[in-house]
Protein chains: 2
Amino acid sequence: IISLEAITKVYGRGEAAVRALDSVSVRVHAGDFVAVMGPSGSGKSTLMHILGCLDVPTTGSYRFGGEDVSRMSERELAHVRNRSIGFVFQQFHLLSSMTACRNVELPLLYRAARDRRAAALRALDRVGLSDRVNHRPNQLSGGQQQRVAIARALVTEPALILADEPTGNLDSTSSREVLGVLRSLNDAGHTVILITHDATVAAVARRVLTMSDGTLREAA
Amino acid sequence: IISLEAITKVYGRGEAAVRALDSVSVRVHAGDFVAVMGPSGSGKSTLMHILGCLDVPTTGSYRFGGEDVSRMSERELAHVRNRSIGFVFQQFHLLSSMTACRNVELPLLYRAARDRRAAALRALDRVGLSDRVNHRPNQLSGGQQQRVAIARALVTEPALILADEPTGNLDSTSSREVLGVLRSLNDAGHTVILITHDATVAAVARRVLTMSDGTLREAA
Ligand SMILES: Nc1ncnc2c1ncn2[C@@H]1O[C@H](COP(=O)(O)OP(=O)(O)OP(=O)(O)O)[C@@H](O)[C@H]1O
Ligand SMILES: Nc1ncnc2c1ncn2[C@@H]1O[C@H](COP(=O)(O)OP(=O)(O)OP(=O)(O)O)[C@@H](O)[C@H]1O
Ligand SMILES: [Mg+2]
Ligand SMILES: [Mg+2]
């Protein structure tokens, strides 16, 4: 369960200050499937970084799993992120020196090597990339890199999945596959929050929130 | 005018060989507006790199403006690219240490500083980013970075514009703006080739080519 209360994020100061988030409050319950839509620059990725404990708000409070995130040490935050949250970033952030398989194994470094590789291969198979497991990112198409990022987000079967434009580089068939995987994870009880500018993608979710100039609204 | 004849591009060798392009032949005339569609991994970005003289085919010939590209020296190729082609890459490739304005000025380094800055500001204004000219890429949203990449591609008003998924990170309003800019450039005589997995984006073009496993088909 997630509870954001009056979250504000300001970059810069004075004349150049940008109010990326403006008093955003929202509650997400375990098992929710939420889509966040809104124009370019409206604050969606900033919101996701705060939800994922990757960034700290300027003001406001964030409770994750009943605990006040702002009271956690960096070590505790890292623990929450690694064990409970899977990320799909808008620009993937894959490691260019590692193969697709090794990139997907990264969140599982605390597990035995054999189990780790098996889990990574299963995740890559779910996104249709079994024939690209030993390719490095620069040997993959844009959509293939995006799918490796998705496989990496799923491999620990995290309680919360945060996906930023996960189908932005995918054709309709790959998109449907990926959304099908997210749907089945949600049916199994995982919470999914996905950012999208595509209304047909948002339709897969059960709740749609809209951002506009840093403020959040819930659809009627 | 572009003429590709039996272009093949193979990566790797033996068992691991990937036939990214398989005997692709196509002609594009000055002033054409072409969309290239196809599934993830079908070879679209590879085709664009060859069209843009950024990569060399394994076999086949490429004539650009009546000249055999494979006969050109690296210096001549660089000259063709800088003066005649504007690129929007699938992953933007902006320089992270420079502001949006400086990134857009890059293709104009052969011009006087004052004209360069004025042209860059006009290009950024056309994509709705006048209030972000001094931001660096990591201070911009995904869609804003994409629009900076688009502004950079337009700033020399090149004869040929090659755009790879230029609206992948854009909401419908920004998408429409960008496609409007490409449409007006085309009306002014510039040739536009754009890759997209979005049928509504392809609808803005006048010719639609489809790629599938490295082969190219023209729509009926
Ligand atoms: N350096 C490389 N080594 C090996 N295979 C490669 C290399 N670069 C690309 N490929 C492969 O070539 C194929 C075509 O890639 P390309 O990037 O052209 O596809 P695309 O149509 O642009 O896909 P997307 O829509 O996902 O961006 C892919 O299957 C990819 O894995
Ligand atoms: N480090 C920063 N410094 C200054 N401004 C920033 C910084 N990071 C983001 N911004 C600004 O904050 C606003 C929100 O950015 P954000 O990335 O959250 O938007 P978004 O909704 O994800 O957009 P898109 O749909 O284009 O990805 C943007 O206007 C951006 O320019
Ligand atoms: Mg974003
Ligand atoms: Mg591509």
Side-chain angles (χ1 to χ4, degrees), chain A residues 11-12 15-16 18 20 37-49 89-94 96 127-129 131-148 164-165 167-175 177-178 195-200 210-212 214, chain B residues 11-12 15-16 18 20 37-49 89-94 96 127-129 131-148 164-165 167-175 177-178 195-200 210-212 214:
Chain A
Y11 291 110
E15 280 247 8
V18 175
M37 300 192 73
S40 174
S42 55
K44 307 179 295 298
S45 298
T46 303
L47 176 66
M48 174 167 136
H49 277 70
F89 294 105
Q90 196 168 7
Q91 279 147 56
F92 321 156
H93 299 320
L94 299 176
S96 53
V127 295
L129 289 177
D131 58 353
R132 290 285 183 276
V133 301
N134 294 319
H135 277 56
R136 284 188 318 277
N138 68 356
Q139 297 171 324
L140 295 174
S141 75
Q144 290 167 344
Q145 292 179 40
Q146 189 160 39
R147 284 181 277 157
V148 173
D164 197 341
E165 304 285 5
T167 60
N169 284 286
L170 301 181
D171 57 278
S172 44
T173 305
S174 310
S175 265
E177 261 172 31
V178 163
I195 292 167
T196 181
H197 63 259
D198 188 334
T200 62
T210 303
M211 295 225 47
S212 165
Chain B
Y11 291 110
E15 279 245 10
V18 175
M37 298 192 73
S40 175
S42 55
K44 308 179 294 298
S45 298
T46 304
L47 176 67
M48 173 166 135
H49 277 70
F89 293 106
Q90 196 168 6
Q91 278 146 56
F92 322 155
H93 299 322
L94 300 176
S96 53
V127 295
L129 289 175
D131 59 351
R132 290 286 184 278
V133 301
N134 294 319
H135 277 56
R136 285 190 315 277
N138 70 356
Q139 296 172 325
L140 294 173
S141 76
Q144 290 167 344
Q145 291 178 41
Q146 188 160 39
R147 283 182 277 155
V148 173
D164 197 343
E165 304 284 6
T167 60
N169 283 285
L170 301 181
D171 58 278
S172 46
T173 306
S174 308
S175 266
E177 261 172 32
V178 163
I195 292 166
T196 181
H197 62 261
D198 188 334
T200 63
T210 303
M211 295 225 49
S212 166

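Each chain gets a letter, A, B and so on, in the order its sequence line appears, and its residues count up from 1.
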Item to check | Contact class of B:Gln91 relative to chain A, heavy atoms under 4.5 angstrom | outcome: side chain

Checklist entry - Just by distance, do the side chain of A:Asp171 and the backbone of B:Ser40 share a donor-acceptor pair under 3.5 Å? => result yes

Checklist entry - Residues two or more places apart in sequence or in another chain: which of them pass side chain to side chain donor-acceptor pair (under 3.5 Å) with B:Gln145? => result none

Next on the checklist: As an exercise: rank A:Arg147, A:Gln146, A:Met37 by heavy-atom pairs under 4.5 Å with chain B and give me the winner.
Outcome noted: A:Arg147

Next on the checklist: Is A:Ser45 close to chain B through its backbone or its side chain, or both, or neither, when contacts mean heavy atoms under 4.5 Å?
Outcome noted: neither

Checklist entry - Can you name the nearest heavy-atom pair linking A:Asn169 to B:Glu165, along with the distance? => result OD1-CG, 4.2 Å

Checklist entry - Listed by chain and number, what are the side chain to side chain donor-acceptor pair (under 3.5 Å) partners of A:Thr196, not counting sequence neighbours? => result none

Checklist entry - Among all residues two or more places apart in sequence or in another chain, which pass the side chain to side chain donor-acceptor pair (under 3.5 Å) test with B:Ser175? => result none

Checklist entry - Given a strict heavy-atom distance threshold of 4.5 Å, which part of A:Thr167 is in contact with chain B: side chain, backbone, both, or neither? => result backbone

Checklist entry - Any idea which heavy atoms bring B:Arg132 and A:Val18 closest together, and the distance? => result NH2-CG1, 3.7 Å

Item to check | Residue among B:Ser174, B:Gly12, B:Gly38, B:Pro39 with most heavy-atom pairs under 4.5 Å to chain A | outcome: B:Pro39

Item to check | Toward chain A: residues of residues 133-140 of chain B with heavy atoms under 4.5 Å | outcome: B:His135

